[in-house]
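Count residues from 1 along the sequence.
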Amino acid sequence: MALPSNELVETLYRSLYRIRRTEETIAEIYPTDKIKSPVHLSIGQEAIAVGFCEALQPRDAVFGTYRGHAMYMAKGGNLRTMMAELFGKATGCAKGKGGSMHLVDVEHGIMCSSAVVATTIPVAAGYAYAQKCLGRKTVVVSFLGDGATEEGVFAETLNFAVLKKLPIIFVCENNLYAIHSHVGARQAQMDICRRVEAHGVHAEKFPDDDVLAIYQRASEAADALRTGQTGPLFFECMTYRWKEHVGPGEDYDLGYRTLDEARPWMEGDQVKRLAAMIEEADRKKIEDAVEAEIRDAVDFAEKSPFPGPGELLKDVFEE
């Protein structure tokens with residue numbers, strides 16, 4: 001891989017740092033009960049969302065999982081409305097009614113995330129099919145976890161996507177665990193790419209979360225789909241979540257995984273890696289700007305009103 005430009009490194013670092021510090025701030029606030037929603041933090045997994053979303057164009061669309069903060073921010077989601085949503089406020093991206101697991105910012109191509117495993121996978125395929133029928137050059141990315149590949153709708157969607165040659169990229173963030181169950185305890189065939197290829201889908205695997213390698217390959221894949229290559233494409237991206245399944249704490253004392261297993265991933269932290277590639281003065285400018293944005297978002301969320309009783313039945317049925 002050619003040496004990345006300083007501009008690219010700084011862009012990727014800003015996105016990585018923005019996600020990491022936002023989630024660390026969420027983890028600090030969470031015990032106060034100001035945040036009204038359960039949170040599934042992406043700390044440790046940021047590089048996948050950043051690598052793929054930075055390769056996309058504004059008109060491209062992403063669909064995510066309940067662990068969707070990284071995807072939302074990497075695609076350029078409004079941090080004020082995201083934070084307000086976590087606080088349950090009326091100014092949130094889902095009017096305070098969806099919380100952390102239901103983030104949306106259509107203006108920036110963030111179509112939805114969902115609390116129910118695998119449910120956005122077919123929706124993403126349907127959106128990709130609509131875009132193709134309309135003759136648009138939109139690339140759709142469906143983010144999913146390793147656990148979602150075990151749901152029936154995943155196999156059904158792969159089949160549909162192949163039949164319709166959809167311009168969609170399925171990105172599996174494989175952190176080895178579905179809640180507390182290791183993939184080896186759930187699947188006799190742990191090679192997800194091999195299972196995907198059986199459906200006729202081109203599949204590739206990233207053995208680690210090298211954000212530069214992910215970005216380069218994601219850019220090639222998105223450009224190929226945009227210029228006529230038929231899809232779908234599937235990428236299995238190995239990663240590791242540092243925090244507990246849901247919440248701001250650690251859970252290495254529960255017995256289902258160990259700190260020794262996590263340590264290599266922490267040592268390969270992409271936030272620190274890219275930080276070391278940037279001149280100190282330039283890095284400080286990036287970090288100061290991000291810290292100011294986060295403070296502003298928290299202040300906005302705290303000062304925003306809660307939704308009134310009139311919102312209770314709104315957006316439930318089409319009127």
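Residues Asp282 and Ile286 fail the side-chain proximity criterion, which asks for heavy atoms closer than 4.5 Å. Residues Glu156 and Val153 form a side-chain contact, since some pair of their non-hydrogen atoms from C-beta on lies under 4.5 Å apart. With a 4.5 Å cut-off on side-chain heavy atoms, Tyr215 and Leu8 count as touching. For the pair Asn174 and Leu176, the minimum side-chain heavy-atom distance is below 4.5 Å. Here the side chains of Val106 and Met111 are in contact, with some heavy-atom distance below 4.5 Å. Two residues are said to be in side-chain contact when any heavy atoms from C-beta on lie closer than 4.5 Å; Arg241 and Leu41 fail this criterion.
The one candidate from Lys137, Arg226, Lys75, Gln131 that meets the side chain to side chain donor-acceptor pair (under 3.5 Å) condition with Asp60 is Arg226. Between Tyr13 and the options Arg18, Arg273, Glu287, a side chain to side chain donor-acceptor pair (under 3.5 Å) holds for only Glu287. When each of Phe170, Phe52, Phe143 is tested with Phe235 by the rule ring-ring contact (aromatic ring centres under 6.0 Å, His included), just one qualifies, namely Phe52.
The line from OG1 of Thr157 to NE2 of His199 is 10.0 Å long, rounded to the nearest 0.5 Å. Distance check: Ile294 CD1 to Arg80 CZ gives 14.0 Å after rounding to the nearest 0.5 Å. Rounding to the nearest 0.5 angstrom, the gap separating the CE atom in Met73 from the CD atom in Glu293 is 9.5 Å. The distance from the OG1 atom of Thr230 to the NE2 atom of His202 is 11.0 Å, given to the nearest 0.5 Å. Taking CD1 from Ile169 and CG from Leu225, the interatomic distance works out to 5.0 Å, rounded to the nearest 0.5 Å. Separating the CG atom in Leu158 from the CG atom in Leu166 is a distance of 10.5 Å, to the nearest 0.5 Å.
Hydrophobic cluster membership is shared by Ile192 and Val201, with clusters built from Ile, Leu, Val, Met, Phe, Trp and Tyr side chains linked at under 4.5 angstrom. Tracing side-chain contacts under 4.5 Å through hydrophobic residues (I, L, V, M, F, W, Y), one reaches Ile121 starting from Val162; they form part of the same cluster.
A donor-acceptor pair under 3.5 Å is absent between the side-chain atoms of Lys97 and the main chain of Asp315, judged by distance alone. Remark: side-chain polar atoms of Glu250 are not paired, donor with acceptor, to backbone N or O of Lys243 under 3.5 angstrom. Remark: side-chain polar atoms of Thr120 are paired, donor with acceptor, to backbone N or O of Gly64 under 3.5 angstrom. At least one donor-acceptor pair under 3.5 Å links the side chain of Tyr252 to the backbone N or O of Trp242. Glu151 contributes no side-chain N or O that, together with a main-chain N or O of Ala118, makes up a donor-acceptor pair within less than 3.5 Å. Judged by distance alone, with hydrogens and angles left aside, the side-chain atoms of Ser42 form no donor-acceptor pair with the main-chain N or O of Gln45 at under 3.5 Å. Between the side chain of Glu23 and the backbone N or O of Ile43, at least one donor-acceptor pair lies under 3.5 Å. A donor-acceptor pair under 3.5 Å links the side-chain atoms of Glu85 to the main chain of Ala94, judged by distance alone. Side-chain atoms of Lys95 never come within 3.5 Å of backbone atoms of Lys314 as a donor-acceptor pair (strictly under, hydrogens ignored). Put simply, the side chain of His108 never gets that close to the backbone of Ile110: no donor and acceptor are under 3.5 Å apart.
Tyr17 is linked by a side chain to side chain donor-acceptor pair (under 3.5 Å) to Glu291, counting only residues two or more places apart in sequence or in another chain. A search for side chain to side chain donor-acceptor pair (under 3.5 Å) contacts involving Glu24 returns Arg21, not counting sequence neighbours. Listed by chain and residue number, Tyr72 satisfy the side chain to side chain donor-acceptor pair (under 3.5 Å) test with Thr81 (two or more places apart in sequence, or in another chain). In this view, Arg20 and Glu46, Asp269 satisfy the salt bridge (charged side-chain N to carboxylate O under 4.0 Å, His left out) rule, not counting sequence neighbours.
Using a 30° and 60° split on the angle between ring planes, Trp265 and Tyr240 fall in the parallel class, below 30°.
The minimum heavy-atom distance between Ala74 and Ser15, with the atom names listed, is CA-OG, 3.8 Å. Between Leu144 and Thr65, the shortest heavy-atom distance links the atoms CA-CG2, 3.6 Å. The shortest non-hydrogen separation linking Val9 to Pro4 is CG2-CG, 3.7 Å. When all heavy atoms of Val211 and Ala47 are compared, the closest pair comes out as CG2-O, 3.7 Å. The two residues Ala148 and Phe154 have their closest heavy-atom pair at O-CB, 3.5 Å. Contact between Leu103 and Gly99 at its shortest, heavy atoms only, is CD2-O, 3.8 Å.
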Decide side chain to side chain donor-acceptor pair (under 3.5 Å) for Arg67 and His245; before the verdict, give the C-alpha distance in whole Å, the side-chain angles of both, and the deciding distance to 0.1 Å.
CA-CA 9 Å; Arg67 199 178 304 281; His245 169 66; 3.2 Å; yes
Pair Ser100-His40, side chain to side chain donor-acceptor pair (under 3.5 Å): steps then yes or no
CA-CA 8 Å; Ser100 167; His40 298 73; 5.3 Å; no
I would like to know whether Ser142 and Ile168 meet side-chain contact (heavy atoms from CB on, under 4.5 Å); could you show each step before the answer?
CA-CA 7 Å; Ser142 173; Ile168 186 170; 4.3 Å; yes
Using the salt bridge (Lys or Arg N to Asp or Glu O under 4.0 Å) rule, take Arg194 and Glu197 through it: C-alpha gap first, then chi angles, then the decisive distance, then the call.
CA-CA 5 Å; Arg194 184 175 176 184; Glu197 287 170 343; over 6 Å; no
Show your reasoning for whether side-chain contact (heavy atoms from CB on, under 4.5 Å) applies to His69 and Leu86.
CA-CA 11 Å; His69 298 168; Leu86 269 62; 4.2 Å; yes
Kindly determine whether Asp223 and Gln229 satisfy side-chain contact (heavy atoms from CB on, under 4.5 Å), including the steps that lead there.
CA-CA 9 Å; Asp223 289 344; Gln229 177 182 324; over 6 Å; no
Please assess Lys285 against Asp288 for the test side-chain contact (heavy atoms from CB on, under 4.5 Å), listing each intermediate value before the final yes or no.
CA-CA 5 Å; Lys285 284 182 182 179; Asp288 287 349; 6.0 Å; no
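Between Arg263 and Asp260 there is a salt bridge, since at least one side-chain N of the basic residue sits less than 4.0 Å from a carboxylate O of the acidic one.
Cluster partners of Met101 are Tyr66, Val117, counting Ile, Leu, Val, Met, Phe, Trp and Tyr whose side-chain heavy atoms approach within less than 4.5 Å, directly or via other members.
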Please report, to 0.1 Å, the donor-acceptor pairs under 3.5 Å made by any side chain of residues 297-309, with sequence neighbours excluded.
from, atom 1, to, atom 2, distance (Å)
Asp299, OD1, Lys303, NZ, 3.4
Asp299, OD2, Lys303, NZ, 3.3
Glu302, OE2, Lys34, NZ, 2.8
Ser304, OG, Thr91, OG1, 2.8
Ser304, OG, Phe300, O, 2.6

